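What follows is a single structure, written as structure tokens, with notes after it.
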Amino acid sequence: MSGTNAASGAAPCRFAHYFVICGIDTETGLEPDELAGENFEQSPLKRTFKSKVLAHYPENVEWNPFDQDAVNMLCMPKGLSFRTQADSREPQFHSFLITREDGSRTYGFVHTFYEEVTSPQICSAMQTLYQMHQAENPSSATPSSSSSSSMDSLASSLDEADSPSSSSCRSAACGGYDASRDTLYVSKALCLITPMPFMHGCRRFLSQMHWAVTAASPPPLPLESYVHNILYEVPLPPPGRSLKFHGVYEPIVCQRPGPGELPLADFPLGQTFTLLGVENLVQLFNCTLLEMQILLYSQDYQRLMTVAEGITTLLFPFQWQHVYVPILPASLLHFLDAPVPYLMGLQSKEGTDRSKLELPQEANLCFVDIDNHCIELPEDFPQFPNKPEFIQELSEVLLHYDISPVGGAPPTSSQQALRELEDDGRNGNLGGEQLAVLELLQGNATLERLQALAKRTGVRVEALKGVGGEREGQGRRTAVEEEELRNAKLNVQLREVFASRFTTMFADYEAFVIQSAPDLESWLTNREQMHNFDKASFLSDQPEPYLPFLSHFIETQMFATFIDNKIMSQWEEKEPLLRVFDGRIDKARLYNVRAPSLRSSNYQRCTILKESGESEEWGQRLNEAQAIEQRLMKIDHTAIHPHLLDMKIGQGKYEQGFFPKLQSDVLSVGPTNNNRWSNRTATAQRRKDRHRQQTEHLTLDNDLKEVEGCLVLQNSMAFWEWDKASPPPLKPPKKSASACCLKYMQEARSLGKNLRQPKLSDLSPAVIAQTNWKFVEGLLKECRMKTKRMLVEKMGREAVELGHGEANITGLEENTLIASLCDLLERIWSHGLQVKQGKSALWSHLLHYQAREEKLEQQQAESPVNNLFCYLLLFFLSPHLLSHISTPPFLRHIQSMGEIKTDVGRARAWIRLSLEKKLLSQHLKQLLSRQALTKKLYKRYAFLRCEEEKEQFLFHLLSLNTVDYFCFTSVFTTIMIPYRAVIIPIKKLSNAMTTSNPWVCVSGELGDSGVRQITKNVLEMTFDCQNLGKLTTVQLGHDNSGLLAKWLVDCVMVRNEITGHTYKFPCGRWLGKGVDDGSLERVLIGELALPNADEDFGRGCRTPDMQHSPGQTRRVSITSMGGRGYKPTSAQIQEAIGEAVNSICKHFHKPEKERGSLTILLCGEVGLVGALEQFFHNGFKSARLFQKTVFVWDFVEKAVAYMESADQMGDMQETAEPLGLTCVSLCHYVSAINSSPRNIGKDGKFQLLVCLGARDRLLIQWLPLLLECPVIQQMYEESALLRDRTTVNALIAVLQTLHDFPITLEASLVKGIDL
């Protein structure tokens, strides 16, 4: 243990934690890798065999426990690979990472080469396997080319492309193996595991280690010296500094960004852009930000890692919070069934068609085919803001470095020259031997010794001497170093463009962070109940084009974690990414980079300001790139040189082509005395890492409270427990050490343990089932949180309409929540599928259900007697079961919509339609009631086959029936919808039929139906027209022809036949000449009708309808209180006017897309027109014996006639000029209304006058005229409100508030009015 402790003491500051060797275990022999899939039909040389960790040094590191199974699986994801002398055996390089549960990452860098098999048992076993294969497949004259469509076979071993000569040789050998004439080679991997991604440095060190065992002469020192040096004597470079350490043949330089710079990113972004192209990469970046499921697909492991690391690096200042597995081992392919956001990489098989790749779920999947430079995107997601300008700026950066912005384009001349340094760039291989020797020997201090060794073997190195001398004289960098520097500069400039976009979009995010907790303890305790970010206010402050993207993005887990880190920074040290981002925002404000207008959507190019104040864009952008070059030119620190160790003589003897067995005793113990700089760095680094561990545990605990995504897999790969040991003990933060806070963190941590998933070493069926059970729990919790959020936000907005609370949801945010619900349902229906059919699992299930129901209906139709008997039996014994005997839930409506082209789109339309009809839970329950079908489609562990969780899930969805959604009507605005209109007369007082020719025109928020003629004596009609949206008005009239032309109409009912929404348009008036007010046309104002109470007789109560939204509750109208003859008091009338005006004011204070119908607020039952009618009716002398009824409009006409008389006009010319102009305007408006060709009646004319006066801000000018007109004394009683000057002045003051708003009237109201 002493060795372990010594080794782990300074681990946090060491450059590398482990040196690992993986390969074949000669003692156990050949073991087929069953987890990678059966491939017995292939030649034994192509089959997958288990690899093992042959050795790792040291045994363990305190801060990074060694997980042997995980490292072995990722070092050799496809297992052992065998070759003969006829095959290509070029070494390969790839990298991987391991994400622990606390969110920290460990990187692995692997150099794979081929070593001759010397074990007779292995050769004999391979010979036997080949003979058995040949006997079973006598016709296989060529290597097997069969390709299975299963996922297991797709991840099988990839045979690298052969050269023409080797290909012909293999063809001659028929892909076989003969121990008597063939030499057998097997893959072996050298791996460095490091805490930071120094990819270039590790790659060069491992390649030199490989060259040391393949060179003709032994290396200058035993290999143990170099391994010991990099494990114990090479520290991590301090931030903002560079470090030089020595490999076997040449020094290696690496540098680390400073505290104010972008974090370390050593993977070449230029290669990522070259593989995908700018357009595809921006789309992939967008999908990553929106936390979709992302699957990378390539033949090359290093390409998978490069693209994955590249895209997550560009997320700064945000971090991917979900499953992150750039290289998915073949034995873990079943995890693609995980119903959570993920970013995974899958190796493709050579020659495999993408169409044969069957993935468990594709509804929300972004599939990235790296080798073919193309991506498949999900449907219906918002685009990144300013996307064309963004792509243009990125393209300019790439062209500056001679890289084509188009994916897969041939390299430019400068690129081609660099590519000549590599033999096989496709797989990230090292160059050929001559180039490798040239690169390794250039400028090396041991060149003379190597030359002496080489002379004894007859190797010519005169040319190398000249090259080395030239470099030493001029201080030039090697071509490899130039390439690394070029990549580093390009990385910085590309990342700056991305970071600049976030700095622009979130420059003022801090103003919307809600920091209500007084201390960390109370914030942690109440985290789940708190709102940390004012989303509605933030969105209202953003440019209109940004809203679709931002409304989705601020709902993601990465944004929630970012805000959590910001809130915690007031009590703890800032998270590093947040510190850098806030610093950039502060600097941008200092230099006034952001446009003065916050709502400007103009694209702002990236400018990294220099202290010198340079104005040239490229000069400004090269600031950090120059810092990198400066660090590489002037080395800040040099590590201890490799040196001889106290080793046993005779062990590990050099044998060319074979990596020796290293002496573990000298590699398991670190140096007893290190230099002071290393010790100081180790102490400081331990202190920083301890604080980072605490902060990350706090972040993880808080993230477990958030459900956006899936709790089960928080902080990436939590369901693969890489750590064998338990996490380090949690220590309290400095400022939050109370017992309550510690108790909360421990409980949250125990929750995290419960959500852990099995280790890689335990992949039994029982453990996999347990893993899926955790998925089920996570999906149920996510459903509960989403429905709760939708209810709270929706009811909060409807409470505003009732005059309570504040609005906290916008249309975009509501649409985002519904889209998130659609995604959740797709993931639930994709979990545990037996056989995938189509991209949408939900739609596939619906089609299966439809086919099954149609078959049952056909069988029932063939036996009507039995059918009737069963129906009657159910009716008398179990009437509630009849609800399950029904046709498929309105699938044909969706299937007939030509605007939707895909299964995913149809499924989402079905969800929206069900939600709008308040039938989502009922229909899904009906869909799942066919248990035989569910068992046929889903495996036992699937969510839909967990009865208790399924019932809870349906209950959560049922709660959505308490609010009203128009998520189908508002989205599919161009579809044709059938409408049914029914005219209901008052039969007791009128003929149910009329001899005239009636017509109707239905209007909504999206348009009107046009005039539709109704068949005579038919009170019902159906018509198709483009979606009208929410219905607002109905124009009803007739031509007054025939003997029975008078018609007393109670109301008009209009039903949307797809959504089921029924609108009631009350009338209660006559249509006809010589009756009522003589109207032949009425404009009826409608609202969504309540369900008929008779339909709910089975509920046994008379409480408000369960499906009725609180927003639809209407206060009692003063026009309907007490029925006929009721007269409201003066106080009630004034209160009604105030409420009507207040509703209009609230209407205009809402976001424009959330305002609803202004017509209802003006002309509805509790609208402004109705309230003013009551005001004018108060004290009005309308009922006269033996005379016709007098209307308010009669008073208005008489007043206008009085004003227009010649003598009165003469008197008014002596009055003030504004008053004279007001008289003219009133006379003009009344004349225009009277001259209209419409027969809207006297009450209709008064309604129109009020609406026009409110629109044109003239009402408050007309009221004094009517008050002063002598006609008022004839037609109004002394106590009338209109004759009370004080009351009229108060009314004018109330109406004055409407002048601040632009009132727009529907076309149905002002049709035919010429002003």
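In this text the structure is predicted, and so the values were computed from the model without any measurement. The first residue in the sequence is number 1, and the count goes up from there.
Interatomic distance, Leu80 CG to Lys50 NZ, rounded to the nearest 0.5 Å: 11.0 Å. Atom CD of Gln347 sits about 5.5 Å away from atom NZ of Lys78, to the nearest 0.5 Å. Distance check, rounded to the nearest 0.5 Å: CG of Leu662 to CD of Glu224 gives 4.5 Å. A distance of 8.5 Å separates CG in Leu45 from CG in Asp182, rounded to the nearest 0.5 Å. Interatomic distance, CD1 of Ile193 versus CG of Asn64, reported as 7.0 Å (0.5 Å rounding). Atom CG of Asp25 is separated from atom NZ of Lys52 by 4.5 Å, given to the nearest 0.5 angstrom.
Judged by distance alone, with hydrogens and angles left aside, the side-chain atoms of Ser348 form a donor-acceptor pair with the main-chain N or O of Gln299 at under 3.5 Å. Using a distance-only test at 3.5 Å, with no hydrogens or angles considered, no donor-acceptor pair links the side chain of Tyr18 to the main chain of Gly108. Of the possible polar contacts, none joining the Thr99 side chain to the Arg105 backbone as a donor-acceptor pair under 3.5 Å is found. Formation of a donor-acceptor pair under 3.5 Å by the Asn72 side chain with backbone atoms of Asp69 is not found in this model. Side-chain N or O atoms of Ser124 include none that pairs as donor or acceptor with a backbone N or O of Pro120 at under 3.5 Å.
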Verdict with reasoning, Leu296 to Leu343, per side chain to side chain contact (heavy atoms under 4.5 Å, CB included): CA-CA 8 Å; Leu296 309 178; Leu343 200 167; 4.0 Å; yes
Derivation and outcome, side chain to side chain contact (heavy atoms under 4.5 Å, CB included), residues Ile24 and Leu30: CA-CA 8 Å; Ile24 189 170; Leu30 295 180; 3.9 Å; yes
Side chain to side chain contact (heavy atoms under 4.5 Å, CB included) between Arg204 and Glu484, intermediate numbers included: CA-CA 11 Å; Arg204 294 177 66 184; Glu484 292 178 5; 3.1 Å; yes
Gln208/His246 under side chain to side chain contact (heavy atoms under 4.5 Å, CB included): CA gap, chis, key distance, verdict: CA-CA 10 Å; Gln208 292 184 48; His246 293 268; over 6 Å; no
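Between Ile21 and Lys188, some side-chain heavy-atom pair lies under the 4.5 Å cut-off. For the pair Val61/Arg14, a side-chain contact is recorded, criterion being any heavy-atom separation below 4.5 Å from C-beta on. Using a 4.5 Å heavy-atom threshold, the side chains of Phe198 and Pro237 count as touching. Between Pro326 and Leu97 there is a side-chain heavy-atom pair separated by less than 4.5 Å. Between Phe245 and Pro235, every side-chain heavy-atom pair lies at or beyond the 4.5 Å cut-off. For the pair Phe267 and Val307, the minimum side-chain heavy-atom distance is 4.5 Å or more. No side-chain heavy atom of Cys254 sits less than 4.5 Å from a side-chain heavy atom of His200. Between Ile98 and Asp67 the shortest side-chain heavy-atom distance does not fall below 4.5 Å.
The aromatic rings of Phe109 and Tyr107 lie parallel to each other, their planes meeting at an angle below 30°, with 60° marking the opposite boundary. Note on ring orientation: taking the six-membered ring where Trp is involved, the planes of His56 and Phe66 are parallel (angle under 30°, cut-offs 30° and 60°). Using bins of under 30°, 30° to 60° and over 60° for the plane-to-plane angle, the ring pair His94/Tyr301 lands in the tilted bin.
Every side chain to side chain contact (heavy atoms under 4.5 Å, CB included) that Asn229 has, sequence neighbours left out, goes to Glu233, Val234, Ile640, Pro642.
If you look at Phe49 and Phe82, their ring centroids are closer than 6.0 Å.
Under a cut-off of 6.0 angstrom, the local environment of CD in Gln656 is crowded, with over 12 non-hydrogen atoms contributed by other residues, nucleotides or ligands.
The closest side-chain donor-acceptor pair between Tyr57 and Gln663, if any, does not fall under 3.5 angstrom. No hydrogens or angles considered: nothing links the side chains of Glu90 and Ser88 as a donor-acceptor pair under 3.5 Å.
Relative to the ring axis of Tyr114, Arg89 does not place its NZ or CZ within 45° and under 6.0 Å from the centre.
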